[in-house]
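In what follows, every chain begins at residue 1, and chains take the letters A, B, ... in the order their sequences are listed.
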Amino acid sequence: MTEKPLQTRDPLEETSAFQRALIDWFEADGRDYPWRRTTDPYAILVSELMLQQTRIETVLERRYFERWLERFPDIATLAEASETELLKQWEGLGYYNRARNLQKAARVVIDDHGGVFPDSLEKVHDLPGVGRYTAGAVLSFAYDRPAPLVDGNVARVFSRLFDHRSAIETTASQKQLWAWADDLLPEKGAREYNSALMELGQRHCTRAAPDCLACPVSAFCATRDPEALPRKKPPRETVHVVEHALFAISGGRILLEQESGSRRRGLWRLPLLAEKNAVGLPVLLRTKYAITHHRVDLIVHGATIQEGQVVEPTLLNDHPPRKWVDLESEYPEIAMPSPFRKAVDQVIENENNQIDFKLRP
DNA sequence: AAACCGTGGTA
DNA sequence: TTACCAAGGTT
């Protein structure tokens, strides 16, 4: 299994050679992504926010990046957009605060920087939703400035390159990883170098099956057991929960309620029921979804509630804002978490359900 | 430091 | 089928 070539060179001693090997590989074999065709810092920021904790394929396949820029082509347009439209454009990507932060950042650029995107690491870092990684990404990708960055890919590459065996989440490890990123960074060509470093992690120095034979910098790599690295702290234990949701429909409208909490405000979902209030209601759908470390069994109940009729207060857990949403006009325009969007669509499509209410009375 | 925030692919 | 996790940041 260890066909991995032995280390013959030290990247910290032969930094230029390391950079050269990485960049030569990238120039010959680097991929063409939409966000690599622009140096507009706003567009770069959009791509980086979208790609936080999100697979490239997800952003590419559903054209989130292109669609966002078509709808919000510049900072001024984004700054004036409604939250509903922001979230709708982001629907399905998850971590919806990223969309709100993008707009907040646009407003900071307009209000505090006269509409000109800042080009200093500190000012970019100060933008909402922009941490150390994203600041380095914007500085290097948009301005080709020598800013180091460490993302999941880079952390994995470095942990193997330097045979770093401590958990990468610790403060000490983070400090070390960023120091290496700074040590190896070229003064010129940071855009290409950082792109190459990340793409190496994405394509060759992968988590489960590192392809060391095809790696352009294998001669610089210290570890003899790449598959054991990086080490990470154990993830949080999965918590199983059951959610009872209410599917009420009348006159072509369905009853929805807003998500609560600052991170999910503005998203709409089916009203949730306390378990005791779901007893006896017909079950329209059982499904499962995962959210962070939670594993949710979602049970959708039907109820005969006429539009305008007050839902019994005792029927609901609490009382977040709720409203009747027209299926033809409003439903496609609002943003919903994917599990609820799917659940509602599934119930509506299921015309064979044996339940005691009619979809279109 | 640790909890929190989404989603879909993959083994 | 379940568990893991990917171009992280905020609180």
Base, sugar-phosphate, or nothing for A:L149, non-hydrogen atoms under 4.0 angstrom?
-> nothing
Between A:Q52 and A:Y133: side-chain donor-acceptor atoms closer than 3.5 Å = no
What's the CE-P distance between A:M198 and C:dA6, to the nearest Å?
-> 13 Å
Would you classify A:V154 as touching base, sugar-phosphate or nothing, given that sugar-phosphate means primed atoms plus P, OP1 and OP2, and contacts are heavy atoms under 4.0 Å?
-> nothing
What is the distance from CD of A:E237 to P of C:dA3, rounded to the nearest Å?
-> 10 Å
Choose from C:dC5, C:dA7, C:dG9 the nucleotide whose nearest atom is closest to any side-chain atom of A:Q52.
-> C:dG9
Among the nucleotides B:dG6, C:dA6, C:dG8, which one has an atom lying closest to any side-chain atom of A:T134?
-> C:dG8
Side-chain N or O of A:R62 closer than 4.0 Å to phosphate OP1/OP2 of B:dG8 = yes
Choosing from B:dG8, C:dT2, C:dA7, which nucleotide comes nearest the side chain of A:R55?
-> B:dG8
Can you find a side chain N or O atom of A:Q53 that sits less than 4.0 Å from OP1 or OP2 on C:dG8?
-> yes
Please give, in whole Å, the distance from C:dA6 C1' to A:R203 CZ?
-> 17 Å
Under 4.5 Å between any side-chain heavy atoms of A:D183 and A:T15, yes or no?
-> no
Quantified in whole Å, what is the P atom distance between nucleotide C:dA7 and nucleotide B:dA3?
-> 24 Å
DNA chain B: 5'-proximal contact among A:H293 and A:S338 (nearest heavy atom) = A:H293
How many Å lie between CD on A:E259 and C1' on B:dG6, as a whole number?
-> 11 Å
Could you state the atom-to-atom distance from OH of A:Y95 to P of C:dC5 in whole Å?
-> 13 Å
Think A:Y96 has a side-chain N or O under 4.0 angstrom from the OP1 or OP2 of B:dT7?
-> yes
For A:K288, what residues pass the salt bridge (Lys or Arg N to Asp or Glu O under 4.0 Å) criterion, not counting sequence neighbours?
-> A:D297
May I ask you to verify if any side-chain N or O of A:K342 is less than 4.0 angstrom from the OP1 or OP2 atom of B:dG8?
-> yes
Could you state whether A:L49 and A:Y42 fall into the same hydrophobic cluster, counting links through intermediate Ile, Leu, Val, Met, Phe, Trp or Tyr residues with side-chain heavy atoms under 4.5 angstrom apart?
-> yes
Given DNA chain C, 5'-ward residue of the pair A:R98 and A:P235, judged by closest heavy atom | A:P235
By nearest nucleotide on DNA chain B, pick out whichever of A:Y289 and A:A208 is the more 5' one.
-> A:Y289
Would you indicate whether the side-chain heavy atoms of A:H293 and A:P235 approach each other to under 4.5 Å?
-> no
Considering residues at least two apart in sequence or located in another chain, which fulfil the side-chain hydrogen bond (donor to acceptor under 3.5 Å, both in side chains) criterion with A:R231?
-> none
Give a yes/no answer on whether the side chain of A:T171 brings an N or O atom under 4.0 Å of OP1 or OP2 in B:dA1.
-> yes
Heavy atoms under 4.0 Å, any strand shown: does A:G92 hit a base, just sugar-phosphate, or nothing?
-> sugar-phosphate
A:E83 versus A:Y96, side-chain donor and acceptor atoms under 3.5 Å = no
Would you mind telling me which residue lines up with the more 5' stretch of DNA chain C, A:K288 or A:N153, judged by nearest nucleotide?
-> A:K288
Please answer whether the main-chain N or O of A:A167 pairs with a side-chain N or O of A:S173 as donor and acceptor at a distance below 3.5 Å.
-> yes
Which value, in whole Å, describes the distance between the P atoms of nucleotides B:dG6 and C:dT11?
-> 14 Å
Under 4.0 angstrom, heavy atoms only, what part of the nucleic acid is A:R341 near: base, sugar-phosphate, or nothing?
-> nothing
Tell me whether the OP1 or OP2 atom of C:dA6 has a side-chain N or O from A:K232 closer than 4.0 Å.
-> yes
Whole-Å distance between B:dA1 P and A:I168 CD1?
-> 14 Å
Would you indicate which nucleotide in B:dC5, B:dT7, C:dA7 comes nearest to any side-chain atom of A:P337?
-> B:dT7
Is the phosphate of C:dT2, meaning OP1 or OP2, less than 4.0 Å from a side-chain N or O of A:R295?
-> yes
Reckon A:W35 touches a base, only the sugar-phosphate, or nothing at all at heavy-atom distances under 4.0 Å?
-> base
Matching residue for A:W90 among A:F72, A:Y64, A:F65, A:W68 - test: ring-ring contact (aromatic ring centres under 6.0 Å, His included) | A:W68
Residues from residues 176-192 of chain A sitting under 4.0 Å of DNA chain B, heavy atoms only?
-> none
Side-chain H-bond candidate by donor/acceptor type, A:N101 with A:R98, under 3.5 Å = no
Kindly say whether, by distance alone, the side chain of A:T54 makes a donor-acceptor pair under 3.5 Å with the base of B:dG6?
-> yes
Write down the distance between CZ (A:R132) and P (C:dG9), rounded to a whole number of angstrom.
-> 11 Å
Select base, sugar-phosphate, or nothing to describe what A:F65 touches, counting heavy atoms under 4.0 Å on all strands.
-> nothing
Below 4.0 angstrom from OP1 or OP2 of B:dC5, is there any side-chain N or O of A:N97?
-> no
What nucleic acid atoms does A:L93 come within less than 4.0 Å of, heavy atoms only: base, sugar-phosphate, or nothing?
-> base
For the pair made of CZ in A:R100 and P in C:dT11, what is the distance, rounded to whole Å?
-> 12 Å
